[in-house]
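Notes for the one structure printed next.
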There are 2 protein chains.
Amino acid sequence: MNIIETLQQRDIKPSYLRLKILEYMLARKNHPTVDMVYEELSKEIPTLSRTTVYNTFNLFLQKGLVQKLGIDDVEAHYDADISLHGHFRCDHCGKIWDLPVKTDVSQIEGLKKFEVRTIEYYAKGLCDQCQKCQRHSNK
Amino acid sequence: MNIIETLQQRDIKPSYLRLKILEYMLARKNHPTVDMVYEELSKEIPTLSRTTVYNTFNLFLQKGLVQKLGIDDVEAHYDADISLHGHFRCDHCGKIWDLPVKTDVSQIEGLKKFEVRTIEYYAKGLCDQCQKCQRHSNK
DNA sequence: TACAACTTTGTAATGATTACAATAACAATA
DNA sequence: TATTGTTATTGTAATCATTACAAAGTTGTA
Ligand SMILES: [Mn+2]
Ligand SMILES: [Mn+2]
Ligand SMILES: [Zn+2]
Ligand SMILES: [Zn+2]
């Protein structure tokens, strides 16, 4: 399915900027922040406003096209993969990886009385690259 | 173990305010924000500063006495229970519940190459009280 | 063209958190 | 006790991600 259809399927009018923003998300799969999208796309579209990126993500979020990740204290990250999966974020370099988490909601005791809308699973620590850096600097 | 010993065990000098703040955490177990602690304790201690609550939580965090919960977009919540467990937050009333999550880190595929320091598991949706409210208002 | 609906933009406001410097409390020592 | 250094607490100002809002631009239709 192409990008325009993906937008239309969620009842979102496929404007040029929405297209470019979703295209960025699907091409990079890098869990970007608003600023990452803004910095990259404004090279090509110098008139782009940060507010538009905020607006667009909020629209995508409301329409269920992306999920918002609260894995970072500072900035929100966004993910066009809305399937249930976890994330690892390196405390040192900030990069984010996907984790295959097979969580059966119905199996979690104590979750039965709630109407669950979203599930987030986050791990934080050091990636293998940064483990090496850390060891190096601690000599 | 009493509160003073709990602080000392983590290498934290048991000042009056640190004592009161930890006491609040252990008594309430309500995953408070900085403001919740400030509002409650400043009744009894009118000279208390919000900055002190921020400072104290950052110290507790650094010493591993509490964990910080990123379950809320707006404010950070803190938890004196540092055992591995998940949380449910109601989108409507904002209350937070503990979830018994039995996650064996070593069992999560794709986490092996990382040095994991923290794990967070969040579910969001509606609590049973607010499910009723919602149904009522949608009539 | 004219009009309405929607999209995009820029600026100002909001609000949680941190930075910083001044003061107060505490601890060790002479 | 007086002195001195260290740590804790406080208040204010700065930071910065996000939102509010209103103006300007775009699109589609009659
Ligand atoms: Mn992902
Ligand atoms: Mn808890
Ligand atoms: Zn790293
Ligand atoms: Zn509720």
Are more than 12 heavy atoms, taken from residues, nucleotides or ligands other than E39(A), located less than 6.0 Å from that residue's CD atom?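 Yes, the 6.0 Å shell around CD holds more than 12 heavy atoms from other groups.
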Would you call the rings of [X] and [Y] parallel, tilted or perpendicular, taking 30° and 60° as the class edges?
X	Y	result
H87(A)	H31(A)	perpendicular
Y78(A)	F57(A)	parallel
Y121(B)	Y121(A)	perpendicular

Contact list for DNA chain C against residues 55-77 of chain B - heavy-atom distance below 4.0 Å: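 Within this stretch, N58(B), V74(B), E75(B), A76(B) sit under 4.0 Å of the strand.
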Less than 4.0 angstrom between a side-chain N/O of [X] and OP1 or OP2 of [N], yes or no?
X	N	value
T52(A)	dT9(C)	yes
T51(A)	dT19(D)	no
S15(B)	dT9(D)	yes

Consider only side-chain N and O atoms of N30(A) and Y24(A), and report whether a donor and an acceptor are under 3.5 Å apart.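 Indeed, the side chains of N30(A) and Y24(A) share at least one donor-acceptor pair under 3.5 Å.
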For the pair made of [atom1] in [X] and [atom2] in [N], what is the distance, rounded to whole Å?
X	N	atom1	atom2	answer
Y54(B)	dT17(C)	OH	C1'	5 Å
R18(B)	dT7(D)	CZ	C1'	8 Å
R50(B)	dC20(C)	CZ	P	22 Å
L48(B)	dA24(C)	CG	P	17 Å
K20(B)	dA8(D)	NZ	P	19 Å
D35(A)	dT18(D)	CG	P	9 Å
L7(B)	dT7(D)	CG	P	17 Å
Y38(B)	dT17(C)	OH	P	15 Å

Testing the basics here: between P14(A) and Q8(A), what is the closest heavy-atom pair and its distance to 0.1 Å?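 Looks like CG-NE2, 4.0 Å.
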Just to be sure I understand the rule, does T33(A) reach a base, reach only the sugar-phosphate, or reach nothing, if contact means heavy atoms closer than 4.0 Å?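 The residue T33(A) makes no contact with any strand.
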Regarding D73(B) and K68(A), does a basic nitrogen lie under 4.0 Å from an acidic carboxylate oxygen?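 Here D73(B) pairs with K68(A) in a salt bridge, since their nearest N and O are under 4.0 Å apart.
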Among dG10(C), dG11(D), dT8(C), which nucleotide has an atom closest to any side-chain atom of S49(B)?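 The listed nucleotide nearest to S49(B)'s side chain is dG11(D).
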